Number of protein chains: 2
Amino acid sequence: MADNEVNALRAILDGRWADMRTRVRERLGTEEWATPTAPLPLTDYRARTTAQLVELLHEDWTEAGFSAEPGNRGDVGASLTFFESLAHVDLSLFVKFGVQIGLFGGAIAGLGTQRHHSAYLPAVSTGDLLGCFAMTETGGGSDVANLRTTATYDPDTDEIVVHTPTASAMKDYIGNAAKDGTMAAVFAQLIVGGESHGVHCVLVPIRDSGGAALPGVTLRDCGAKMGLPGVDNGEIAFERVRVPRENLLDRFGTIGADGAYSSPIENDARRFFSMLGTLVRGRVSVGAAAGAATRNGLALAVRYAARREQFLRPDGDTGIRLIDYATHRRRLLVPLARSYALALATNELVEDLHALEQERAQWEQEQTDDERVGNAAESDHVAEAEQAHEADIRRLEERAASLKIANTAHATRTIQACREACGGAGYMWENRFGALKNDTDVFTTFEGDNTVLLQLVAKGLLTRYKDAFQSFDTGAMIRFAARDVAETVVERAFGGTIIQRLIAGAPGRDTDNALADRGGQLAVFEDRDEHTLAGLAARMRARSDDFKSDPVGVLNIVQPHMLAAAWAHIDRLLLEALAGATEECEDEACHHLLGLVCDLFVYSTVEVNAAWFLEHGRISAAQSKEISRRVDELCAQLAPHADTLVDAFGIADAWLDCPLLERA
Amino acid sequence: MADNEVNALRAILDGRWADMRTRVRERLGTEEWATPTAPLPLTDYRARTTAQLVELLHEDWTEAGFSAEPGNRGDVGASLTFFESLAHVDLSLFVKFGVQIGLFGGAIAGLGTQRHHSAYLPAVSTGDLLGCFAMTETGGGSDVANLRTTATYDPDTDEIVVHTPTASAMKDYIGNAAKDGTMAAVFAQLIVGGESHGVHCVLVPIRDSGGAALPGVTLRDCGAKMGLPGVDNGEIAFERVRVPRENLLDRFGTIGADGAYSSPIENDARRFFSMLGTLVRGRVSVGAAAGAATRNGLALAVRYAARREQFLRPDGDTGIRLIDYATHRRRLLVPLARSYALALATNELVEDLHALEQERAQWEQEQTDDERVGNAAESDHVAEAEQAHEADIRRLEERAASLKIANTAHATRTIQACREACGGAGYMWENRFGALKNDTDVFTTFEGDNTVLLQLVAKGLLTRYKDAFQSFDTGAMIRFAARDVAETVVERAFGGTIIQRLIAGAPGRDTDNALADRGGQLAVFEDRDEHTLAGLAARMRARSDDFKSDPVGVLNIVQPHMLAAAWAHIDRLLLEALAGATEECEDEACHHLLGLVCDLFVYSTVEVNAAWFLEHGRISAAQSKEISRRVDELCAQLAPHADTLVDAFGIADAWLDCPLLERA
């Protein structure tokens, strides 16, 4: 019975690329691949991770986008699922792979053109060419548009001169830079004919085959980090290093043989965002990996709680298991419910990215065909179609950012809670929480600091909101800030028919019992999303006159509201994914269980945000207290199924093997 | 000007034992004592920490309770301040010291009698005898009253037989057990004449001078932990190990030469809590150390934020510092305000413990004098006085638990926030956050898991509440649960005259503007404390009939309310300390600054608990929104003083030295 439920739940969580998950589990589900349960010296961990990377690169993983079939970037969904699965195994290996295939290979594939693809991707795919993604600078951090490294075209020699003008312009924290990388994809301000064209990416060899830095290149090892010991992060500085003009990855901007710069996108900023857009897979992967690692932590802590007894019942004979305690259940099951929502939302994101990239690949193929037969009109048509879909891509990027924030913030909080829930045993390195915590810690920072990304999400929401209303004039704002208007125009985040049907059938968000019904729950989350966004828009409009005189002051007034709007949106995304999967589930027992998980996600999310719901008259004081009681009740109902819920994660035994449960 | 403020603030934070802080800073304020900025192999770190311990033990720190004057346990306040200061230096050293002097030495001093003191304390103080505090068992965790190791008196040989009956009874995670300890203070169920007398402590040699385990003793190294690499934690199992009867630490229960057990405290449970009570210094120290380590993290992150620029102003010329951002200020200054409250409350706790222990020492001296001159009546008088003060001691233990919870929970959350606020640089080991995070992580667990301790605090509050009302009969509850009655009988947490005067002068908690006035703020926090406790008491009373049939079920219904009551009490303790110090401060600029810190603590605490204040009609929706605005405003007002506020922590430069600020 429980086995049936595990399998049914697992099929839902595994999603469309379940086969890839199975393959990784079978291939890497042994102790030798799992994160070691004793710390290794840095040198050994690095050597181990490099060897693992190269070993896998030499196997046939064509579908995952690296392979014995060099240059084939594979199937997007399968590739992202492969990456997510690696995060259950070892996070250093995940990041090392991410740097080599996702970032370095991704930059060449996404920013380069055919000649770069054929020249480099085969060697990238087999690991014969290990490379770096050199974007971040010491002084720059999140502000990548203003990075300071320069790439100046020298027409006399037809070369590009890559240079680090100041210490703060040094490339920093770069994976593969300390030891393995022989080439770097360097992001720099491109200067042609004395004019700057914004950030572009140039391939620069940095090491000879013996591992020594090439002339003009200075490399420094970042040394030990809090975690990810298998990744050799380093610094790179360039002293007027010359590379051929052809090393410019020139899909979005090129230098002709005549030495003139040209680009299909005129605006520097827009071009830069298009470039970043091709790297969206990285952001998706980081979120998905944080989600997977969190599930490892939950599986350990939940199993421990279901076995470990602490204190005796008053009869003095039988012990009370940790999971029998209301507070302990809350610590674990509330995050467990959110992990379900995150996993399902991440799966949907991967599916949608897969579909969009397939669409794009089809256009590009058609475009190439048209160009070959000289059909300019058809080519224009394709370009239009591409533009029409740009909005979809932006929205997907926004969702990728949303889930990166949600997954990584959840990972930091939840793995901590899991460690504490295992007490002193959780503090022993052999029980895996040390590595889980330390390795995931930086996920809130990389691929964009969460606080910065939250603002990016809010900006995206605002832009769409603004587009829907054409302009932000005051009269319009007064009308539109009102909730009953706003709700009709802000589009549903996913727009899936299940969600629409559920909301349509709900008794209405304003009734006393909105949360008792799935449709009502969705309407409540939608309402919070829309109201928060409308409030933010109104605030921005009200301050727009002051913006010129005191931009930072105005930003600071709206900034907390931007964060609130982004979080409200994220919670809604998560509920829509979880509610959709629950509704679609046909197995009865499993449907019931998922329904409880969904309820717990809803009530616990409302509880955390109770102040907002109370402040905005969405719930009464009595309802608010009732909601906390419901959270406790749902935790009690789910407790007997806790093992089932974590077994359904399908994490290989070897990846969780540790003495923890023996000591329970 | 800023220097004056720093000095004035620092004098307040340094408190009564400022000289000890200065002495530690001067003696250990060098790179060689500070936590290394590159990870060391476990063996090296352990050797380093042991050497540091022994080096200090051979210097004259008599006042701190270890010394060139063996056996002198020193001045309690100075000793606790010494320990807190060590936490700024290196947390492994702090714990190693704590194990040797606080726990092992503390057990002998607090649980033993004169013959143990003279036989062992000199060698403990000089480090010639390194020892373990063997309380925790693998299977036991927080449930120390039911631990399973046995100590059985054998009248035939006049020995005590110490035995580990099952694998789960093994002593686990014991500091000094893996490498250095030659003797252990072992907590075990004492069995005399076939009768169990509950937990007592027995001294058992575990290693010979060559470091080998003695016959019957099995030692295992716990190996690497998440942090605290300088502490050699291990497991100890005993196979019927025999020690002389005199090895029983027998202050609270002894075995006579006739083989009969006797104790001044008849009840096993009460005796056990008295024994634990003598160990309260440990709990105070762990809280204080977590507070100190958090201030290290805040000093780094605040200084970084005040220097590091991120993104340019729209003019494109000047950068915006991190601390100029509203969200970044919130991340750092809200916890900074709480750190002030915690530091001041911890200082008060140390002063009160110092005073209580001095009182006790005086009685004991008088008692000894009386006994010497055979004055039995006087001796009785002293015993009565001691009993009368037992309530004070319990309350102090409750405060020690409260501040242990508050300091350690704050440390975990805040050091994480500080790491994230330093981005990728924060993730590099050299920038100290790795060690700070990993070393403090277990503080939420040791000396009592925070969730368990919260319930202990709530139980203490309830007991006092119940005592005040004599009984929990329903009629009384209905009357007393009402807030306006409850507030008159639940005693003020500190009862200091400043707090009473402030509250008396307040315009009243029910006015619109209660929070604008210090007295009103105190009244609001007092009200939340009292109301939450009264509600908890009412709930317990309502369920008391069901308790027999379903004790765990009843516990689970009230458990979340116990946690809420404990937290409400803790927040009030913190405010009373911070408000008291603010009110007492005579330097005008400094008084103003502390006032802002106090306001920020108040508003941010109300904001975090806004749902409670809204649910209970304490604030309106409009007030709740206004409170969030005030938090932003206060952060903006404090931002220019952020450096001053962390400079006042008086942390030696060497303890914070790292490349972080160079890269800002």
Side-chain angles (χ1 to χ4, degrees), chain A residues 38-39 41 136 138-139 141-143 146 172-173 222-226 310-314 320 324-328 330 412 416 419-420 423-424 427-430 433-434 437-438 441-442 444-446 449 451 551-552 556-557 559-560 563 610-611 614-617 621 624-625 628 632 636 663, chain B residues 38-39 41 136 138-139 141-143 146 172-173 222-226 310-314 320 324-328 330 412 416 419-420 423-424 427-430 433-434 437-438 441-442 444-446 449 451 551-552 556-557 559-560 563 610-611 614-617 621 624-625 628 632 636 663:
Chain A
T136 302
T138 305
S142 297
D143 191 9
N146 288 306
D172 211 346
Y173 320 123
C222 286
K225 305 182 299 293
M226 203 177 284
Q310 191 71 103
F311 295 102
L312 297 171
R313 284 173 201 276
I320 309 172
D324 296 328
Y325 290 102
T327 47
H328 203 89
R330 258 187 182 261
T412 300
Q416 180 68 37
R419 195 302 284 160
E420 293 181 23
Y427 195 63
M428 300 298 112
W429 193 267
E430 61 189 6
F433 289 105
K437 273 189 54 173
N438 287 346
D441 190 273
V442 77
T444 53
T445 299
F446 64 40
D449 169 80
T451 307
V552 178
N556 277 344
I557 286 166
Q559 210 181 20
L563 268 55
L614 286 159
E615 279 174 9
H616 294 82
S624 182
K625 291 179 190 175
S628 292
D632 289 328
R663 299 181 157 242
Chain B
T136 302
T138 307
S142 296
D143 190 9
N146 289 305
D172 212 346
Y173 320 124
C222 286
K225 305 182 299 294
M226 204 176 283
Q310 191 73 101
F311 296 102
L312 297 172
R313 285 173 200 275
I320 309 173
D324 295 329
Y325 290 103
T327 48
H328 204 89
R330 257 187 182 262
T412 300
Q416 181 67 38
R419 195 303 281 161
E420 293 181 23
Y427 195 62
M428 300 299 113
W429 193 267
E430 62 188 4
F433 289 105
K437 272 191 53 172
N438 288 345
D441 189 272
V442 77
T444 53
T445 298
F446 63 42
D449 169 82
T451 306
V552 177
N556 277 344
I557 287 167
Q559 209 181 21
L563 268 55
L614 285 159
E615 280 174 7
H616 294 82
S624 183
K625 291 179 189 174
S628 293
D632 289 327
R663 298 178 159 246

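Each chain gets a letter, A, B and so on, in the order its sequence line appears, and its residues count up from 1. Treat the numbers as computed from the prediction; the structure is a model and nothing was measured.
For B:K437, the salt bridge (Lys or Arg N to Asp or Glu O under 4.0 Å) criterion is met by A:D441, not counting sequence neighbours. For A:D632, the salt bridge (Lys or Arg N to Asp or Glu O under 4.0 Å) partners at least two apart in sequence or on another chain are A:R330.
Looking at A:D172, only its side chain comes within 4.5 Å of chain B, counting heavy atoms on both sides. Both the backbone and the side chain of A:F433 come within contact range of chain B, with heavy atoms under 4.5 Å apart. For chain B, the nearby part of A:V552 is the side chain; its heavy atoms alone come within less than 4.5 Å. Residue B:A38 does not touch chain A at all, counting heavy-atom pairs closer than 4.5 Å.
In this structure the side chain of A:Q416 reaches within 4.5 angstrom of the side chain of B:T412, judged on heavy atoms. Two residues are said to be in side-chain contact when any heavy atoms from C-beta on lie closer than 4.5 Å; B:R419 and A:M226 meet this criterion.
With respect to chain B, the highest number of heavy-atom pairs below 4.5 Å among A:T327, A:T444, A:L614 belongs to A:T327. Of all the listed residues (A:G223, A:P41, A:G424), the one sharing the greatest number of non-hydrogen pairs under 4.5 Å with chain B is A:G424. Heavy-atom pairs under 4.5 Å with chain B were tallied for A:P39, A:G434, A:A224; the largest tally goes to A:A224. Considering only heavy-atom pairs separated by less than 4.5 Å from chain A, the leading option among B:D324, B:T445, B:I557, B:V442 is B:V442. Ranked by non-hydrogen atom pairs under 4.5 Å with chain B, the options A:A621, A:A610, A:P560 are led by A:A621. Among A:I320, A:L563, A:N146, A:T451, the residue with the largest count of heavy-atom pairs under 4.5 Å with chain B is A:T451. Heavy-atom pairs under 4.5 Å with chain A peak, among B:W429, B:Y325, B:Y427, B:F446, at B:Y427.
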(Q) side chain to side chain contact (heavy atoms under 4.5 Å, CB included), that's the test. Do A:Q559 and B:H328 meet it? Break it down for me. (A) CA-CA 10 Å; A:Q559 210 181 20; B:H328 204 89; over 6 Å; no
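From A:S624, atom OG reaches atom CD of B:E615 across 3.5 Å, with rounding to the nearest 0.5 Å.
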